[in-house]
Amino acid sequence: MSENSESHSGPLAVELHGISKSFPGVIANYAIELMVRPGTIHAIVGENGAGKSTLMKTLYGMHQPDDGTITVNGHAVQFKTPTEAIAAGIGMVHQHFMLADNLTIIENIILGAEPTDNRGRINFGVARERIEVLMASLGATFDPGTNVSELGVGQRQRVEILKVLYRGAKILILDEPTAVLVPQEVEELFETLKRLVLDGSTVIFISHKLDEVLTYCDEITVMRQGTTVAHTTPAQVDRRTLAQLMVGSDLPDPSGRETEVGEDIRLQVLGLNVASEIPGAKLALQDININVHSGEIVGIAGVEGNGQFELCEAILGLRPKLSGTISVGGNELSGSDTRTRREMGLSYIAFDRHREGLLLDSPLWENTFLGREENATLTAGPFMKNRSIEADSRVIIERFGVLTPSEQVPAFALSGGNQQKLVVGREMASNPKILLAAHPTRGVDVGAQSAIWDELRIARDRGLAVLLISADLEELIGLSDRILVMFDGHITAELDPNTATPEMLGTYMTGGEIVTSL
Amino acid sequence: MKSQRLQRVLVTSASSLLAVFVALCICAVILLITGKDPIQAYSTLFGAAGDIKVLQGTLNRATPLMISAAAVAIGFKMNLFNIGVEGQMRVALLATAVAGAAIDLPAPLHILFSLVVAMATGAIWAAFAGWLKVKRGVNEVISTIMLNFVALSLVAWAFKSFFTADNAPGVLLAKTKELPPSAWFPDIVERRLNGMFFIAILVLVLFYVLVWKTKFGFQLRASGANPGAARVTGVNPKRMVMISMLMSGALAGLVGMRALLGDVHAYQNNLAEQQGFNGIAVALLGRNHPLGIFISALLFGYLGEASGRLQLEDIPKEITTIMTGIIVLAVVIINEAVKRWDDKRIQHKAALALATRVVAE
Amino acid sequence: MKFLQTLSVARRTIFLSLGFMLVLSAVRLITNADDITSSGTISSTMRVATPILLAGLAGLWAERVGIVNIGIEGMMIIGTWFGGYGAWKWGSWAGIALAIIAGSLVGLLHALATVRFNVNHVVSGIAINILAAGATEYLSIIFFKGQKGGGESQSPTGKGGYGEFDMPFLTGGRVGSWRSPDILGWIERKHDLPLLPDLAGFARGLLSDVYVPTLLAIALVPLTGYILWRTRFGLRLRSSGESPQAGESLGVPINRLRYQAMAVSGGLAGFAGAYLSCVFTSTYRQGQTGGQGYIGLATTIFGNWNPFGVLRGAILFGFPTALKFRDEKNVPALLLVVATVLVVVAIISFTRQKQILAMGLLFGSALSATTYFLVDEVPQEFVAATPYIVTILVLVGAQQQLRPPAHAGAPYRAGENH
């Protein structure tokens, strides 16, 4: 491929060659090859965790690669900070906006690069003029004098793009820009990007939504498991092939199991509707129906942010529902609080172990005790039995292979994989009837991963009902008895892991539909 | 296995000691600059430690400090900053002085009644701040500061307008009607050390047991350490805010009782002044731990008691107030720096232990 | 644009003031409490309000850069002491200058603790308040005790000479040696007219017998607005208080700005303190600030972190005290003013579909009016508590309208928050 680049008229806008980047315990990128022609919208697609964001941070100077070369407009570069990347004409629109709500649009855009007279007074007239020119080229119509707090998500993104353009960037990186947008805004965004490209800019567009990539982008690089696996154009591939490239051609084999799924329904969700946190937005969950039997693992596949989080919160009673029922072992849960639900045998491996799973500054034995205050062997009346709690903690540490000097160490000192094993261990230690497991092996090393999987299988064989939420197809197919696909707050498909194909999964997860009978 | 815990304790104590040492050094420089002899000053100041009367006075002064520090610390454990202890104490003082004088009970019951009134009124005043936080999202720092001044004015007004008793001849300071002797908290050492000291010790012990040994205390600490993690286990953070605010206020109500029940036996305007504020300094130096609070309260109590001797040497006793301020500032700065260093050390050690374990396997 | 919004706040301030004058005027005619709009009361209000205004601006500068400054009281205490010392040694202007420098240094100490060492802002502020109280007590004994007129808790009388100001022609100021006519004073004495004498009294209060430091403090209001909303420095400073991450990602030196803003904040608080010890009185006295630093903090909130709002708050909070100083008998008339204002706000709330709030306001109004007819005197304590109660009510009732800097008080370390 690299020989071809010589034949183009000018130098490539961006060329990455042999880039690799690893973090302690994880190889995030290796052997990356990326060639972006100037004046194109170049999509980088891949699943969650395929290494797209790491790659873009490398390009933007937020960290340095361990290996490989970066060439921008024909010049080899090494960016130590984003400021240097900005100076080289690269701008990044982060997925989480970096905007000050109480400042005006103009103020947000010019911050750090203010046009001033020699007494330090800002020339707002000049700034406004320049911004209005840029806005016209984007087709943006808001008044730059208004506060950012008054803008919607789509407009905020427009401001982020303006910030980048104002600094003269010709190469724009957009990190999953459509994740937060409604369809209409997506269309507007691409109109904007098209205009920019016509004006001579280059756009690198990170996404996992295949439809928009195929519709709007000029070239596509596919990433899988930390490296680039294909470089193609929308003309050369169809959606099915692309999905296959993204997910990988060889799906893992579903695990054979000797035990049978039980007869009784442990967890039943019927017609569940949950409102969004954003007033006026569409429902976060719409007409969800799920049954999990004893001894069954039901996988929920889907790109993050399609309602999985709200589903867990609703089941745990942390979020009000609009309608529908949730029952555990035949008992309807309306009116019972989270504590009661946990007493009934509900357990939860939270999405983010740092935000909702651990007390980072507290010792491990307190962490394994968290949420188990009603356990009769660990407490006596209102009192904690510290000795028993510490002993119990050592058992969990031992059983789940948490590598730590002792149970007295604060949780922050452990590696991510060990922290996760601790959380899984705690949630399994109370012998739950139902386990909500959200990304149980996210960010952990291979050894920890297989240990956690084994524990889940053992517990399942003993009759545990598991609702497994994951973005890792290997995990889903390897563990689940059935897979439900969630997209946009709906359950869009139910698949048998034995017959599911990468194409089916990829299509449903990215919002496509397969016109066959289910 | 226990060595980790011991190390943490050592590191914590060492950083507090370092702060006190740094403060002593800075104060020595200040003394030098202002033409006083620091060695003479410190030998006078700390030379008083052998005097039994000074020690009794120290314990007596430490009594309200321990209680108000516990009131502050219980909020801190929940990440709540109750600056309103002073105001809550003041409301409780007047209410108890009035209620205690209006009623007739046998001695132990009368004292108990007074303490309960004090705790209840303190808790009610603190409940305002709790309510504002839970229902209205008003930052408790701002609301407790504002409520302090409201309490100050309200109490001064109510005292002046309704509860000032006719003065005995020759007494200039206005007071409420004196409490009957049945409500007086007995002294341990006549006029030197009041029995409220035992209540303060009891408060610290109960504080320790409640926060470190009970399920409730665990949930409180968990909500303070990570509200998100506590929430998914079914602990309601708002409820915890309200409860800890009420408990803090109840303790705040007790702060002034040594002065009221054990000393003056009536309300007057400057009664127990500043004792609510001083608890913040004690809690900060004591790292919100009962033992630390006990030691810090003794230190501050001692400084207050022994400072009078400095004046005999023509050294202003206010140097001890400066010392208090510098100690607080030094302790928070050094704590932050030490925590940063210690966290890295522990992380490093854990990684090291892991590596050896893996090799061994 | 944001600056225009500030200007519109200024315009709104004028508009609201006019409306308020109308209410005052009506109440004056009804109750014959002539002093509630007399030039004497207004100029006295300005004198009382000056330190509150300065403390409020100190809070504004700190919070706008993202640092909560509970230490304003302590910085003011330092200001009173150094003001008193400087005035005693060299005169009141030197006292003010010295206090500003000392206040700035304490401000920088707060910045050092919170920025460099990442100490909790509230904790650092409290430590500074304790330290300031102790340091001034100690220094007084070293420097003032035994001096003529001085003592353990007060400084010798300072040399005066900060100057007072009278506007020629309008309020009888001098032009050369000739005393010009006092036109506003003449109008003000026509008590039977509605509104006109009130306005004249108001204007005369602002333009006669004014301390020059008060004029300076008032000038700092538009100056703060200009610097914060018009200059590069100001924009960056505000970005630090709103979203330091955004600023940092664009190369704004957040930490340096925080030191600079805290130096200004401390200097303003020092000025506020010096005003008390060299202008309002001419000696330093222990405990002179009497919690005015906290009123300043309340004013920052009440003024919605806007300089003109702070001015409004300072005048509002200073007014009852000033009235009290002049003549106790006038204070109950304020209850009628409160009642009227509450009715107006209730009507506004009602049109905005906030019936419950409106009912509450009407109830408050009725209560206020009833009290007026029942009492002859409003206790000093209620006057003193007014700023705090008003601030709590604002926090409870109007929180949606408040726009505190989004990042004020939150921990931040450069390069660690992504």
Side-chain angles (χ1 to χ4, degrees), chain A residues 24 312-313 316-318 336-343 346 348-363 366-367 369-375 378-386 389-390 394 403-415 418 423 426 436 447, chain B residues 1-9 11-12 77 79 206 208-240 287 339-340 342-361:
Chain A
C312 287
E313 293 234 310
L316 285 163
L318 294 166
S336 40
D337 60 10
T338 306
R339 217 0 92 115
T340 321
R341 294 180 191 209
R342 293 185 78 108
E343 308 282 278
L346 200 56
Y348 177 46
I349 298 169
F351 279 76
D352 182 330
R353 59 178 166 266
H354 285 186
R355 272 167 76 178
E356 298 191 324
L358 291 166
L359 312 173
L360 283 174
D361 279 326
S362 308
E366 291 196 348
N367 274 286
F369 181 59
L370 184 64
R372 297 168 64 210
E373 295 96 284
E374 309 308 323
N375 187 320
L378 304 180
T379 52
F383 295 102
M384 294 162 70
K385 293 193 334 206
N386 283 17
I389 294 168
E390 287 176 12
R394 285 193 289 273
L403 292 181
T404 168
S406 87
E407 78 282 357
Q408 301 293 345
V409 167
F412 69 80
L414 298 191
S415 71
N418 283 304
V423 171
R426 173 184 72 208
L436 307 180
Chain B
M1 286 300 113
K2 293 278 170 191
S3 69
Q4 251 99 15
R5 183 183 284 178
L6 191 68
Q7 271 178 1
R8 285 224 119 180
V9 172
V11 167
T12 313
K77 279 290 151 203
N79 260 342
L206 285 180
Y208 177 74
V209 172
L210 180 76
V211 172
W212 273 271
K213 297 294 173 194
T214 68
K215 295 194 283 195
F216 169 78
F218 178 76
Q219 291 175 347
L220 187 82
R221 284 184 292 133
S223 323
N226 187 349
R231 173 175 168 267
V232 300
T233 72
V235 177
N236 182 345
K238 289 189 171 178
R239 198 172 142 257
M240 285 317 228
R287 305 290 298 264
K339 185 178 178 333
R340 210 154 268 275
D342 193 44
D343 284 358
K344 279 203 186 105
R345 186 186 63 90
I346 291 174
Q347 214 152 14
H348 181 70
K349 270 190 77 172
L352 216 65
L354 277 188
T356 49
R357 179 95 62 96
V358 173
V359 168
E361 278 168 6

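Here is the naming used below: chain letters follow the sequence lines, and residue numbers restart at 1 for every chain.
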Mark yes when over 12 heavy atoms from residues, nucleotides or ligands other than B/R239 sit less than 6.0 Å from its CZ; otherwise mark no.
-> no
Over all atoms of both residues, closest heavy-atom pair of A/E373 and B/V235 |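 Of all heavy-atom pairs spanning A/E373 and B/V235, the closest is OE2-CG2, 4.4 Å.
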Minimal non-hydrogen separation, A/E366 against B/F218, with atom names |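 The answer is O-CZ, 3.2 Å.
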Could you look at B/R221 and say if it's the side chain, the backbone, both or neither that has a heavy atom under 4.5 Å from chain A?
-> side chain
Checking heavy atoms, do the side chain of B/D343, its backbone, both or neither come under 4.5 Å from chain A?
->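 Both the backbone and the side chain of B/D343 come within 4.5 Å of chain A.
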Could you check which of [options] has the highest count of heavy-atom pairs closer than 4.5 Å to chain B?
| options | value |
| --- | --- |
| A/V409, A/L370, A/T379 | A/L370 |
| A/R341, A/R355, A/H354 | A/R355 |
| A/G357, A/S362, A/P410 | A/P410 |

Under 3.5 Å, side chain of B/R231 to main-chain N/O of A/L318, donor-acceptor pair present?
->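 Yes; at least one donor-acceptor contact below 3.5 Å.
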Do the side chain of A/R342 and the main chain of B/V232 share a donor and acceptor less than 3.5 angstrom apart?
-> yes
Per-residue contact mode, [X] against chain B (heavy atom under 4.5 angstrom):
| X | result |
| --- | --- |
| A/N386 | side chain |
| A/F412 | both |
| A/L358 | backbone |

Do the side chains of A/R426 and B/T233 get nearer than 4.5 Å, heavy atoms only?
-> no
Which of B/V209, B/N226, B/L210 touches chain A most, by non-hydrogen pairs under 4.5 Å =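 Maximum pair count with chain A is reached by B/N226.
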Point-to-point distance, once rounded to the nearest 0.5 Å, from NZ of B/K215 to NZ of A/K385 =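 Reported to 0.5 Å precision, the distance equals 11.0 Å.
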